[in-house]
Structure formats: C-alpha cells, structure tokens
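Only heavy atoms go into these numbers, but all of them, side chains included; no hydrogens, no water, no symmetry mates. By convention here, the first residue in the shown sequence is residue 1. Quantities reported herein were computed from a predicted structural model and do not represent experimental measurements.
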Amino acid sequence: RGRVRVYKWEAPSEAKERYHASVYSWTPMGDDIMSEAGVDRVDSSIILSESGATVAIAENVQNGSTTQGHVRVLQWSNRAQNWRKKGEPIITEHIGEMHGEHSAAKPSISMDGSGGLVSVGSPGFRRRAGHVRSFRWNASASSDAGRSAGKWAAMGRAIEGETASDRSGASVHLVNGMNGVFVASAS
C-alpha cells in the first residue's frame, strides 16, 4: 500500500518566540495519508493547494485485470490536527481510464489556490487521445449518500484529445484568478 506524508517548515514551539532560523526543520503534518483498501498504489500525481490546507492524490485501483483511477481530496482540520476527506473521491467514468496518470515530466492533476477547483488529466483515455475533466467543490450539495457534506461537481464536458496517441492531459495547470485551464499533450 502506498502513502503520502505532508511536511511543514517550522520551528519548535519554544523557539518560535525567539525566532532562531537555525532551529527550523521539516515536521510531519498529521498522520500519513494511506491508500485505500484495494488500491494498488498511490501515484506520483499529488498536488497541494497554495494555502497548504488541501491535498489531492491520484490513485489507481486494480479490479482484476482492469485499472480504474480516482482522485481523493483531503483538507487539513485544525481542530483534529489531521487530514479529513473533502467529499467522495472523483471516480473515472470508464474502466481502464487512469485519472492522474502522469508523464515523466509533470503530474496530470492541478488545483487552484483555494483547493476548490481540481482539473484531472487522463492521457491514456480512448486509445491515448486523452482528456481533461474539471471539478468544482460545492459545499452545500448533498453527497450520493444523502449527507450534506458537499460534493465535487463536474464543470461541463471533458476537454478531449484530438487524435489517438495525442495523450492530451499529460500535463494540466489551473491559473488562480483566471477562468481557464492549460492542457498539454505529450504526442
């Protein structure tokens, strides 16, 4: 099973009052975020929001001989001093489509600064033509289980690759303050 550990750069409590730069170090933020049961691994497609309070993790789920991916989004809870799920995972539409599948250069997942908008590239979709889907957090929506916990809502249709082997979505990038997403192909 895979895991993700988030670190923050800080001084021990007693040194914060005196501000000694030499005592700063990387310290874990909460518990490790473990892959869910049945998840083959946690991919390298991980992104942290600008504030550091939201993390999105792409995972591939093995189901027999097929692979289906999903993206989990977690938010930091100051009260619990740990990571908590932000809605249900964003599940791929088709078996074999891998959300968060990455190229050698960059992950294919992006998040805006607030952690309320996520774009996910699937360069292996439809004979590697690829596509990108974007999701907006709706805090007032009911989940599929009927709880009013919020929900990730798809923003329109997917942005599709033009031809087979285009690998559209090999890299995606959301820009703060701009209503748009950059999509790169790896063909």
Partner residues of Trp83 under the side chain to side chain donor-acceptor pair (under 3.5 Å) criterion, sequence neighbours left out: none
Taking side chain to side chain donor-acceptor pair (under 3.5 Å) as the test, write out the residues that go with Thr27, two or more places apart. Glu10
May I ask you to test the Arg84-Trp76 pair for a side-chain heavy-atom distance under 4.5 Å? no
Which atom of Ile109 lies closest to which atom of Val118, heavy atoms considered: CG1-CG1, 4.3 Å
Side chain to side chain contact (heavy atoms under 4.5 Å, CB included) with Ser114: which residues, sequence neighbours excluded? Asp112
Spatial distance of atom CZ (Arg157) from atom CZ (Arg133) [nearest 0.5 Å]: 13.0 Å
4.5 Å side-chain heavy-atom contact, Arg136 and Leu117: yes
Kindly give the heavy-atom pair with the smallest separation between Met29 and Gly52, and that separation in Å. CE-O, 3.9 Å
When rounded to the nearest 0.5 angstrom, what is the spacing between CD1 in Ile47 and NE2 in His173? 8.0 Å
Provide the closest heavy-atom pair for Ser134 versus Ser119 in the form atom of the first, atom of the second, distance. OG-OG, 2.5 Å
Could you list the residues that satisfy side chain to side chain donor-acceptor pair (under 3.5 Å) with Ser110, not counting sequence neighbours? none
Side chain to side chain contact (heavy atoms under 4.5 Å, CB included) partners for Gln75, two or more places apart: Thr54, Lys86
Hits for salt bridge (Lys or Arg N to Asp or Glu O under 4.0 Å) against Arg5, two or more places apart or cross-chain, chain-then-number order -> Asp32
Closest approach of Ser49 and Ala53, non-hydrogen atoms and distance? OG-N, 3.4 Å
Do the non-hydrogen side-chain atoms of Val55 and Ile46 ever get within less than 4.5 Å of each other? yes
Tested for side chain to side chain contact (heavy atoms under 4.5 Å, CB included) against Ile57, the lone hit among Val4, Val71, Val73 is Val4
Roughly how far, to the nearest 0.5 Å, is CD1 of Ile90 from CZ of Arg72? 12.0 Å
